[in-house]
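Have a look at the structure below before the remarks.
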Amino acid sequence: MYVKGVGPARAGQLENKGLRVVEDLLTYAPFRYEDRSNLKTIAQLAPGEMATVMAEVRSTRMVGLKRRDLALFEATFIDGSQGRLVGKWFKGGYLNEILTPGRRVALFGKIEFDSYTGQLSIMHPDYEIMYADDDEDNALHTGRIVPIYEAAGKVTARLFRRIMRNILDSLPAVPDPLPFHLLTKLKLPDQWTSLRALHFPEPDTDLRLLNAARSPAHFRLIFEEFFWLECGLQLKKRNARKANGIAFALNEQVRERIKQMLPFRPTGAQKRVLGEIAADMSAPYPMSRLLQGDVGSGKTLVAAEAAIIAIENGYQVCMVAPTEILATQHHLYLKRLLDPLGYVVAPLTGSMTAREKKKIKEMLAMGLIHVAVGTHALMEEDVDFHKLGLVIIDEQHRFGVMQRLKLMKKGNHPDVLVMTATPIPRTLALTIYGDLDTSVIDELPPGRQPIITRHVKEEALELVWSFVLKEIQAGRQAYVVYPVIEESETAAMKAAQKMHEHLSTIVFPQLKVGLLHGKLPPAEKQDVMDSFKRGETHILVSTTVIEVGVDVPNATVMVIEQAERFGLAQLHQLRGRVGRGGNQSHCVLVTSKLNDIGRERIRTMVDSNDGFHIAEVDLKLRGPGEFFGTKQSGLPELRFGNVIRDQDILEVARNEAIGFIEHPPSEDELKRAIAYIRDNWQRRYGLITVG
Ligand code: ADP
Ligand code: MG
C-alpha cells in the first residue's frame, strides 16, 4: 500500500486491523462524529455548552490519592484570551507525560463552572495534541464536524484523519458502480461524494444522523453493501435454478406411502411446508430450501415425508446432524417411521467401528440403504452413494457452506433441505441464507401447553427439588442440566458427576437418577438415554449434550443450573426438551450470580416461549458474530452495514436486488453488475459462484 503518511511501521499496525489496501482504509468508517465547529476562545466559553477550545497547557498537578494511577489529574489551560480553563481527568496519572506544560491541545467537551474555585472546568474532555503550528493540519481536527476512528496500534484517530484526507485528495473519480436508475430512484448521493462525506461531513450535516449512521452518505454506503450482497445471493439462486436437478414424480403411490407412514395428522403448518418442499422436489431444478421451525414444531416428520418422495422415485437420502446424539436421535426416529414401510435406514457416525462403517459404506454404494443418517462421517471422501437424491442437513449453522457443497457432490444435483431449530432472525436469514427458499413451521402440534418458566435463586434449590419430586410422584420425569464451560468439558462433566452423586444419594435416594455427559462412550450414552426413554430413570442429570434432539414426551421438568452461563438460544433449546406431551411442563432456571445481560436473558425466557422473539433478543444481546457461536456461520464481512441496526436498509436493498436481477434495465447492465460483484465482493461475502 502506498499512501502518503503511511510508512512500513504504521502499515504493519494498520494491517493488524485488517487494513491492507487503500480501499480498506476508505471503507474504514468513523465509529462516531464530534461537532467541533463550535470553536471558542476561553474568554468566550459559557458553562453548559459543548465546545472546542484550542489552548496551551500552563501547569498540571495531581490531586488526592497517593496512588498515581488513581489520582485526579488537573491541567490548567490558557489561550491568550481572558481566563483559564481547568481540565480534569480521574485516574489521569498517565496524562502527566502527555499533557506537559507548553503543549498545544485541542479540547472538546462540556464546559462547567466550578463554584467552589470560581473557575471554568471541563471534565474528561476529548483531547488531541496539536503538534505543529500547521493551520491546514489543525483545520482537519477542529472547527468542523470531526470523524472519530477506532485507533489501530499507534495510528490514532488524528492520524487516521490525516491519512483519509491524503487518500481522498488523490482519489481519482471512478464511475459509480451502482446502477444509475437506483441513484435517482432512491435519491442516493454518488459513491465519490458519499465516501468524502463519510470521512469529512459537510458543515451543515445533522450530527444525530451521522451518529445514527443515517446521513445520506451512510445510507448510500450501507445500501450499496447490502445491495451487492443480495444481488450475489439472487444470482447464486438463479444459477442453482438453471442446473439440471431431479424432477421427482409425485404420484398416487407416493401419497399413499406418506399416508401410511404418518403416525398422526400433520399440523396445517406441516402440510403447507410439505407442499412447498414437494413443489421444489418435483421441479426440474435442485431444491435449496431452508426449513425453520421452533423446537418441537415437528420438522423431522416433514423431513421423513420428503425422504419418502425421494425413495419412491428410486433415490437415496442422506441426513446429517452436527452431533452423535442428534444423529442417533434422528436415526431412531426415522427408523421407527420408515422401517414399517420396508425402507432401510442406517446410521453412519464417527464412533462406529471401522468394520461397521465399512459395511454401511458398501451398502450405501450398492444402493441397499435408502436413508443414511449420520454426522460428519457422512461427508468423508470415501462415502459414495448409489443414487443420492435428497440431502437433509440439520442445524445448518453448525456446518459451513463448503460442507453443504461436499454433500451435494455425492449426488448429481440432489435436492437440499436445510433444517434449523434455532430460529434465525430475519436479517440474519436474509444475509446468510438469502439464496435459499424458506419454509417456516409456525405452529406447534395440537395439545401442547405452553411451558411455564420460572427463575429461582440458588439458595432456593431445595424448593426446586421438592417440586421435582412431586412431578415424579405424579408419574413424570425430569432433566437437570449443567453448563458446559467452553474451555473445559471435563470440568462440566465433573460438576454433573458431583450433582448426580448428590441427587442420587442425598436428595432422591429412593429414585433412579441417570447421568449423561459428552465423555461417555456412545454405547453407554445410548443405554442411559434408552433407560430414560422407557421411563425407568426418573431424573436425568446431564451436560448440554441433550441440547438438541432428545424426545421424551413424559419428561415435564427441565431444571437448568447456573442458567446465567447459557446463551438464550441454548436455554430455549434446552427448554424445548420438555413440553412434548400433553402434560403441563415446567422449566426452572437456577442462577447464582447475575449481571445485566444475564438478567435480561432470564427475563426474556420467563416472559416468552416464542423462539423467534428469543432469537431477536439474543441477536441484540450478543451481536451477529456471536449469535451462532461458531465461526462457520457464513456471516458475510460487512464494512458499513450492521445486521442489527440496519434491518430497514437491508429490506430495501433486498427488494431492489431482486428487482434488478429479475428485470435488469439492460442485459449489458446486468453483465456489468455480475462482473463487478465477481471482482469486488464474491470472496468477502463467501459467495461461491455468482456467474
Ligand atoms: P423438531 O425437530 O421440530 O424439534 P420433532 O420433529 O422432533 O420437532 O417433533 C417433536 C415432537 O412432536 C415429536 O415427538 C413428534 O413425534 C411430535 N409431532 C410432530 N408432528 C406432530 C403432529 N402433527 N401431531 C402430533 N405430534 C407431532
Ligand atoms: Mg428434531
Side-chain angles (χ1 to χ4, degrees), residues 258-277 289-308 317 319-323 325-340 345 371 373 392-398 417-424 438-451 476-477 479 529-530 532-535 544-556 558 569-583 585 587 609-612 614-615:
I258 289 180
K259 243 193 243 157
Q260 244 178 306
M261 177 273 291
L262 286 174
F264 16 61
R265 180 188 298 199
T267 61
Q270 282 171 323
K271 275 196 209 141
R272 189 192 69 236
V273 164
L274 179 67
E276 291 162 1
I277 291 171
R289 187 166 283 276
L290 173 68
L291 174 53
Q292 291 208 64
D294 211 340
V295 28
S297 60
K299 292 181 292 293
T300 327
L301 193 69
V302 174
E305 294 176 311
I308 292 178
V317 180
M319 179 166 187
V320 277
T323 65
I325 292 238
L326 188 52
T328 309
Q329 288 289 324
H330 281 325
H331 169 234
L332 295 177
Y333 189 86
L334 290 180
K335 199 170 155 61
R336 202 169 70 219
L337 292 174
L338 301 180
D339 254 1
V345 183
V371 184
V373 188
I392 303 171
I393 306 175
D394 199 13
E395 297 282 327
Q396 158 78 26
H397 65 267
R398 302 205 189 183
L417 182 65
V418 166
M419 305 203 297
T420 166
T422 307
I424 304 168
T438 309
S439 291
V440 182
I441 306 187
D442 48 8
E443 180 186 352
L444 291 179
R448 298 276 178 84
Q449 302 176 44
I451 301 162
R476 310 279 98 78
Q477 291 164 279
Y479 298 99
M529 278 312 306
D530 288 347
F532 191 67
K533 264 202 157 149
R534 286 194 302 266
T544 46
V545 290
I546 63 156
E547 183 188 339
V548 276
V550 178
D551 189 24
V552 181
N554 190 48
T556 55
M558 166 64 66
Q570 223 178 356
L571 288 173
H572 183 63
Q573 280 294 315
L574 285 169
R575 178 169 62 182
R577 297 307 110 207
V578 296
R580 300 189 150 235
N583 295 305
S585 288
C587 173
N609 266 307
D610 174 356
F612 279 92
I614 290 171

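Each ligand, and each atom within it, is numbered from 1 in the order the structure gives. Just the heavy atoms: all of them, side chains too, but no hydrogens, waters or symmetry mates, feed the values below.
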### Task
Please name the pair of heavy atoms, one in K299 and one in Q292, separated by the smallest distance, quoted to 0.1 Å.
CD-C, 4.3 Å
### Summary
Shortest non-hydrogen pair, L334 vs A304, comes out as CD2-CB, 3.7 Å
### Message
Donor-acceptor pair, distance only, cut-off 3.5 Å: does the side chain of R448 make one with the backbone of G296?
### Response
yes
### Task
Closest by any non-hydrogen atom to atom 12 (O) of ligand 1: pick that one out of K299, R577, R580, R448.
R448
### Message
Taking 4.0 angstrom as the limit and counting only heavy atoms of T267, give me the atoms of ligand 1 inside it, by number and element.
### Response
23 (N)
### Query
So, is P446 polar-close to ligand 1, with some N/O to N/O distance under 3.5 Å?
no
### Query
Of all the atoms in ligand 1, which lie at a distance below 4.0 Å from a heavy atom belonging to T300?
2 (O), 5 (P), 6 (O), 7 (O)
### Query
Where the side chain of Q449 meets the backbone of G582, is there a donor-acceptor pair that is under 3.5 Å apart?
yes
### Message
Below a 4.0 angstrom heavy-atom separation, can you tell me which part of D294, side chain or backbone, both or neither, approaches ligand 1?
### Response
backbone
### Task
Answer yes or no: does atom CZ of R534 have more than 12 heavy-atom neighbours from other residues, nucleotides or ligands under 6.0 Å?
yes
### Query
Counting only N and O atoms by type, is there a donor-acceptor contact under 3.5 Å from the side chain of E276 to the main-chain atoms of S439?
no
### Query
Can you list the atoms of ligand 1 that are under 4.0 Å from a heavy atom of Y333?
15 (C), 16 (O)
### Query
Can you check whether P445 has an N/O within less than 3.5 Å of an N/O in ligand 1?
no
### Query
At what distance, to the nearest 0.5 angstrom, does CE of M261 lie from CD1 of I308?
3.5 Å
### Task
Under 4.0 Å, heavy atoms only, figure out whether ligand 1 is touched by the backbone of Q329, its side chain, both or neither.
neither
### Task
Report, in ascending order of atom number, the atoms of ligand 1 lying under 4.0 Å from any heavy atom of R265.
22 (C), 23 (N), 24 (N)
### Query
Are S297 and ligand 1 in contact, using a heavy-atom cut-off of under 4.0 Å?
yes
### Message
Check for me whether P266 has a heavy atom closer than 4.0 Å to any atom of ligand 1.
### Response
yes
### Query
For the atom pair CD1 (I451) and CZ (R575), what is the distance rounded to the nearest 0.5 Å?
6.0 Å
